[in-house]
Every structure is written in structure tokens, then in C-alpha cells.
Amino acid sequence: DLVETLELRNLLGNAATTMHSAEERKESRGAHAHEDFPDRDDDDWMQHTVAYFDEEKGKTDIKYRPIHYYTLDEEECATVPPVARVY
């Protein structure tokens, strides 16, 4: 029972950060699809979502950080430009 309680405690924080992160993003990108926002929006959303969960307050804080448009070694692995996924 203790292990299941600890797992549930962890999963609830993960679920909260996933839900709030998805709600903030106003676009569809890959597997993260929104019916309300069917298109990709690279101008506004080409960034990483970073979510923090405060377990004591039960609050999720969402922040963003820029992505890197380069690889560590361009000679070994060239940068791949972003493109929309089509299925």
C-alpha cells in the first residue's frame, strides 16, 4: 500500500503539470493535438514548456525556455529544420 500511495502522489503531480501545460499551448504539434487549434504555430510556440508542481499548494507553475537551433557538432550531425508532421 505504501508503494502505491507514493506512486499515486507522483502521478498526480505529473498529471497536473501535463494538463496545465497542454491547456496553455494554443497550437497542435505532433502528438500534442488540439481540436481548437489544429495548426502548428512556430512563431509563438517554438519553445520548451517547463512545468513546476508545488505539492504543498497543489499548484502548477508554467514557464518557457527557448530552443536551440544548432547541434553540438554540426559536422557530425547537421541541424534538422522544423517541419509539420503529416500523416
Side-chain angles (χ1 to χ4, degrees):
D1 289 345
L2 175 60
V3 171
E4 290 177 357
T5 301
L6 293 173
E7 287 176 349
L8 176 62
R9 193 169 158 187
N10 181 45
L11 289 171
L12 289 173
N14 280 308
T17 57
T18 301
M19 178 185 69
H20 288 286
S21 297
E23 182 182 35
E24 287 289 316
R25 194 170 275 273
K26 307 300 183 210
E27 66 154 6
S28 288
R29 183 173 296 273
H32 304 285
H34 275 257
E35 289 182 2
D36 296 345
F37 305 100
D39 298 322
R40 202 177 140 130
D41 181 2
D42 287 346
D43 292 335
D44 294 323
W45 289 103
M46 187 65 90
Q47 58 190 344
H48 293 289
T49 303
V50 183
Y52 302 91
F53 182 70
D54 185 333
E55 192 173 328
E56 291 179 11
K57 296 179 183 176
K59 184 176 183 326
T60 301
D61 187 32
I62 306 295
K63 296 188 184 295
Y64 301 96
R65 70 174 182 84
I67 65 163
H68 304 291
Y69 287 99
Y70 57 86
T71 62
L72 294 176
D73 185 350
E74 288 286 333
E75 291 180 16
E76 183 179 327
C77 180
T79 302
V80 178
V83 295
R85 293 183 188 176
V86 290
Y87 302 98

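- For D41, the salt bridge (charged side-chain N to carboxylate O under 4.0 Å, His left out) criterion is met by no residue, not counting sequence neighbours.
- Shown here is L72, whose CG atom has no more than 12 heavy atoms of other residues, nucleotides or ligands within 6.0 Å.
- Expressed to the nearest 0.5 Å, how far CD of E7 lies from CG of L2 amounts to 10.0 Å.
- Using the six-membered ring where Trp is involved, Y70 and H68 have ring planes that are tilted, between 30° and 60° apart.
- Put simply, CG on L8 and CG on D1 are 12.0 Å apart, with the number rounded to the nearest 0.5 Å.
- Between E24 and I62, the shortest heavy-atom distance links the atoms CG-CG1, 4.2 Å.
- Taking the side chain as every heavy atom from C-beta outward, R40 and M46 approach each other to under 4.5 Å.
- Looking at heavy atoms from C-beta onward, R25 lies in side-chain contact with T49 at the 4.5 angstrom threshold.
- Atom CG of L12 is separated from atom OG1 of T17 by 11.0 Å, given to the nearest 0.5 angstrom.
- Remark: E74 CD is packed, more than 12 non-hydrogen atoms of other residues, nucleotides or ligands lying under 6.0 Å away.
- Sorted by first then second residue, the ring-ring contact (aromatic ring centres under 6.0 Å, His included) pairs that include residues 38-60, not counting sequence neighbours, are W45-Y64.
- Side-chain N or O atoms of H20 include none that pairs as donor or acceptor with a backbone N or O of K59 at under 3.5 Å.
- When side chains are defined from C-beta on, D42 counts as touching R29, because their heavy atoms get closer than 4.5 Å.
- Under a 3.5 Å cut-off, the side chain of S28 and the backbone N or O of H34 do form a donor-acceptor pair.
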